[in-house]
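A short write-up of the structure that comes next.
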Amino acid sequence: MENIIDYLKAERSQEWRAELRKSMKAKERTSAKRAEMPEEDPNYRNTNTVEVNKGLTEKQAFAEAKRCLDCPDPTCIQGCPVGINIPKFIKRIDQGNVLEAAKVLKETNGLPAVCGRVCPQEKQCEASCFYTIKMGATPVAIGFLERFAADYERNSGKMAVPEISENNGIKVAVVGSGPAGLAASGDLAKYGYDVTVFEALHEIGGVLKYGIPEFRLPNEVVDVEINNLRKMGVKFVPNFIVGKTASFDDLKEQGFQAFFVGSGAGLPRFMNIPGENYNGIFSSNEYLTRVNLMNAAKEEFDTPVISGKNVAVIGGGNTAMDSVRVAKRLGAERAMIIYRRSEEEMPARVEEVKHAKEEGIEFMNLHNPLEYYADDKGRVKSVKIQKMELGEPDASGRRRPIPIEGSEFIIDVDTVVVSVGVSPNPLIPKSLSQLKVTDWGTIVVDPNTMQSSMPELFAGGDIVRGGATVILAMGDGRKAAAGIHKYLSEKVKA
Amino acid sequence: MSKILEKELFSKNVAKFIIDAPSIAKSRKPGHFVIIRLGEKGERIPLTIAGSDVEKGTITLVVQKVGVTSAKLLSMEAGDEIRDVVGPLGEATHIEKVGTVLCAGGGVGVAPLLPIIEGFKKAGNRVITVLAARTKDLIILEDQVREFSDEVIVMTDDGSSGKKGLVTAGMEEVINREKVDLSVVIGPAIMMKFAALTTKKYNIKTYASLNTIMVDGTGMCGACRITVGGKTKFVCVDGPEFDAHQVDFDQMLTRLGAYKDEELKAYERYMETVQNA
Ligand SMILES: Cc1cc2nc3c(=O)[nH]c(=O)nc-3n(C[C@H](O)[C@H](O)[C@H](O)COP(=O)(O)OP(=O)(O)OC[C@H]3O[C@@H](n4cnc5c(N)ncnc54)[C@H](O)[C@@H]3O)c2cc1C
Ligand code: FES
């Protein structure tokens with residue numbers, strides 16, 4: 001910790017930053033208003049897949065960067081799960097040196113263009129910004145600026161491919177190509193390892209590809225990052241399920257000396273209420289996979305998807321918001337969220353809830369489904385829902401929803417998307433009986449090195465945390481890469 | 001990319017493919033399946049592995065034309081490439097020595113049944129197989145099945161081969177004659193439903209291999225879910241084999257029809273493009 005603080009101090013006292021600080025009065029900085037993200041018109045965007053947020057203009061970004069006070073005690077950094085040097089990158093923008101700002105981001109975050117779009121900044125860096133905690137004012141738009149710098153670099157055609165150490169010939173396998181696996185493979189390549197990423201699906205990117213929709217995170221943004229990893233020598237093998245196509249032992253025989261497992265929390269949960277297996281009722285994973293990964297909404301693609309008129313999405317997380325907004329885009333007349341708590345407890349990013357409302361999504365908060373009914377062909381036609389009220393806080397710290405007896409009523413639906421959480425993907429634990437897992441099926445690791453009960457196997461992301469976030473998965477991947485490097489360096493010496 | 005090395009037409013609508021897939025060939029066991037996607041715009045469909053050759057690094061798939069993807073696959077030839085083949089998926093069949101095993105295969109269900117027949121035979125069981133189809137031309141793999149069965153009974157709806165009647169008649173003939181310790185049935189859902197009702201009457205433990213709609217095949221989506229013994233199960237990871245007496249076949253039949261309209265439209269579009277070409 002000491003080291004980091006000293007390092008940040010030294011960085012802050014560099015001449016260019018001291019000068020920037022002097023160039024404008026604090027009063028002047030704080031009197032400016034936070035930049036507003038330019039957005040596509042809600043009634044246009046809810047009919048197609050264009051990206052909702054258009055990104056700050058250069059003018060907006062430079063003005064926003066000036067708001068940052070370059071505090072002596074940058075509390076924002078503590079709010080960032082990977083500890084990005086936030087004032088430094090923002091001050092690089094302030095200075096007009098955006099490419100340099102992108103480099104700063106990449107010191108700690110391999111996928112800034114992704115994180116700038118999908119991180120819950122309002123709960124992380126921006127919640128710890130000086131403006132928020134000391135002034136009770138709207139925080140510096142750190143997320144918008146992160147995205148701005150990353151997009152600027154990507155569009156400049158001068159994207160830096162990170163330097164990598166000389167190939168040391170040691171083979172390391174990465175299982176799963178979501179943010180955890182991508183982050184781990186980037187760092188492992190930098191250390192000089194011969195990295196192969198195995199992915200069960202035909203596409204690389206995990207949830208970034210099959211889950212989060214195009215209007216929030218364009219595939220192109222993810223593909224650029226994947227291509228960068230390719231340039232760094234990382235090999236990608238799709239259609240390969242570790243534990244099925246080949247076992248860990250097979251891979252060891254092929255010379256792999258260490259493994260990083262980032263296999264995600266792929267298993268969708270259902271509520272186990274009557275009628276849940278009727279046609280027209282999907283998990284959000286299925287619904288989003290059909291549309292995002294399989295392009296089901298496009299006629300020239302073979303995968304079908306049901307585009308309902310009355311669509312109910314059960315849940316209040318990011319996955320639920322994505323599903324309901326996809327339903328609207330597929331032509332639903334009524335697309336609604338049914339959530340058992342109130343808006344305050346919703347785990348979704350605040351911005352997604354706001355966007356959903358603008359796009360005409362109905363919110364039935366404090367409601368819970370009890371039973372589904374079908375027509376004579378087995379297709380869902382209605383749902384019985386019950387009103388809820390909030391009681392005392394539960395283990396999660398959120399107020400517990402309590403059913404109100406006698407408040408049940410029935411509404412018409414022809415499509416339902418169940419989005420009530422996911423469980424860890426059991427494939428890997430199932431194939432490795434000696435691997436230690438928790439009662440919930442997550443892999444047990446040392447939180448500092450991400451090493452599991454099997455010394456050569458490291459893990460991170462949702463398979464360790466249950467459903468979490470992109471940035472936490474990436475942070476784990478990087479930590480594990482360092483852990484693997486330490487493990488292999490010691491092994492080679494021995 | 002996986003290359004088609006050989007293709008053999010069993011009938012107008014059923015063909016056998018030998019496909020280059022060395023890792024899968026090495027890892028697969030009876031009961032396993034693969035998911036394939038023919039091209040960039042294709043859908044992902046499950047196909048049970050009917051056999052493999054570890055030395056040559058190949059797997060065998062038997063495909064019946066039922067929709068767009070199977071029709072497209074049937075139009076492909078040796079030398080063509082399948083874009084994605086992933087597997088082996090699912091839990092392998094639990095093969096052990098139990099005594100007498102009654103296997104029943106309907107239509108192309110005989111293909112995935114073949115490695116199971118072979119497995120039980122090699123484990124030292126007496127194996128009796130009932131092959132059933134609408135008509136003579138649709139009976140497939142009869143010679144291969146005979147190789148690993150102590151006895152084979154062929155049933156056709158029209159009596160054009162073997163005996164005239166349904167699969168269940170063939171099964172009951174055996175059950176009434178001798179003690180059966182285990183039954184394995186694979187075929188269309190409706191056939192499995194009635195086969196399971198038959199063995200239930202006689203209290204014979206029965207496995208059915210379910211061919212539900214799937215997307216990923218790794219437990220990620222739940223498209224394949226089905227009720228077994230009152231509980232929701234994912235066929236791709238919990239199955240594909242289940243205790244046939246616990247399976248809700250009516251629900252399975254309904255779920256199989258989930259995209260009937262969309263499938264029909266897609267098939268018509270495909271046939272138009274074929275005819276225009
Ligand atoms: C719809 C949706 C929206 C979300 N929105 C946000 C958001 O706005 N902000 C945010 O921070 N987080 C969001 N999340 C959560 C975030 O996406 C996840 O926390 C994150 O992707 C986890 O990363 P991961 O690398 O651990 O796993 P994943 O991204 O799940 O990737 C795991 C990969 O491993 C593959 N795999 C599994 N088993 C094997 C095997 N045996 N062999 C080979 N490959 C295997 C899988 O196919 C998958 O591609 C969202 C999630 C969803 C589903
Ligand atoms: S096919 Fe997706 S979970 Fe089984």
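Numbered from 1 within each chain, the chains take letters A, B, ... in sequence-line order. Just the heavy atoms: all of them, side chains too, but no hydrogens, waters or symmetry mates, feed the values below.
Between chain A and the options B:Gly217, B:Gly222, B:Gly87, the largest number of non-hydrogen pairs under 4.5 Å is found for B:Gly87. Most heavy-atom pairs under 4.5 Å with chain A, from the set B:Cys221, B:Gly257, B:Gly219: that is B:Cys221. The candidate from B:Gly39, B:Gly90, B:Ala21 with the greatest count of non-hydrogen atom pairs under 4.5 Å with chain A is B:Gly90. Between chain B and the residues A:Asn295, A:Asp302, A:Thr289, A:Ile281, the most heavy-atom pairs under 4.5 angstrom are made by A:Asp302. Taking A:Tyr278, A:Phe301, A:Phe240, A:Phe282 one by one and counting their heavy-atom pairs under 4.5 Å with chain B, the maximum is reached by A:Phe301. Counting heavy-atom pairs closer than 4.5 Å to chain B, the top residue among A:Thr245, A:Asn285, A:Thr303 is A:Thr245.
Contact annotation for B:Ile213: only side-chain heavy atoms (C-beta onward) come within less than 4.5 Å of a heavy atom of chain A. At a 4.5 Å heavy-atom cutoff, the contact between B:Arg37 and chain A is made by side-chain atoms alone. Residue B:Ile45: no heavy atom, backbone or side chain, is found under 4.5 Å from chain A. Heavy atoms of B:Lys72 lying under 4.5 Å from chain A belong exclusively to its side chain. Using a 4.5 Å cut-off between heavy atoms, A:Ala246 touches chain B through its backbone atoms (N, CA, C, O) alone. Interface residue B:Val85: only backbone heavy atoms are found under 4.5 Å from chain A. Only the backbone of A:Lys377 comes within contact range of chain B, judged by heavy atoms closer than 4.5 Å. Looking at B:Arg28, neither its backbone nor its side chain comes within 4.5 Å of chain A, counting heavy atoms on both sides. For a residue to count as touching a neighbouring chain, one of its non-hydrogen atoms must lie under 4.5 Å from one of that chain's; by this rule A:Leu427 touches chain B with the side chain only.
For A:Phe248 and A:Phe259, the gap between ring centers is short of 6.0 Å. Ring centroids of A:Phe198 and A:Phe256 are separated by less than 6.0 Å, placing the two rings close together.
Remark: the B:Thr58 side chain and the B:Asp53 side chain contain no N/O donor-acceptor pair separated by less than 3.5 Å. Side-chain contact check for B:Thr69 and B:Glu43: at least one donor-acceptor pair (N or O, by modelled atom type) lies under 3.5 Å. Side-chain atoms of B:Asn13 and B:Ser11 include no donor-acceptor pair closer than 3.5 Å. Side-chain atoms of A:Asn310 and A:Asp414 include no donor-acceptor pair closer than 3.5 Å. In this model, no donor atom of one side chain and acceptor atom of the other lie less than 3.5 Å apart for B:Asp243 and B:Thr206.
Residues A:Lys209 and A:Asp223 are paired through a salt bridge, judged by an N-O separation under 4.0 Å between the basic side chain and the carboxylate.
A side chain to side chain contact (heavy atoms under 4.5 Å, CB included) with A:Ile226 is found for one member of A:Ile204, A:Leu208, A:Asn219 and no other, namely A:Ile204.
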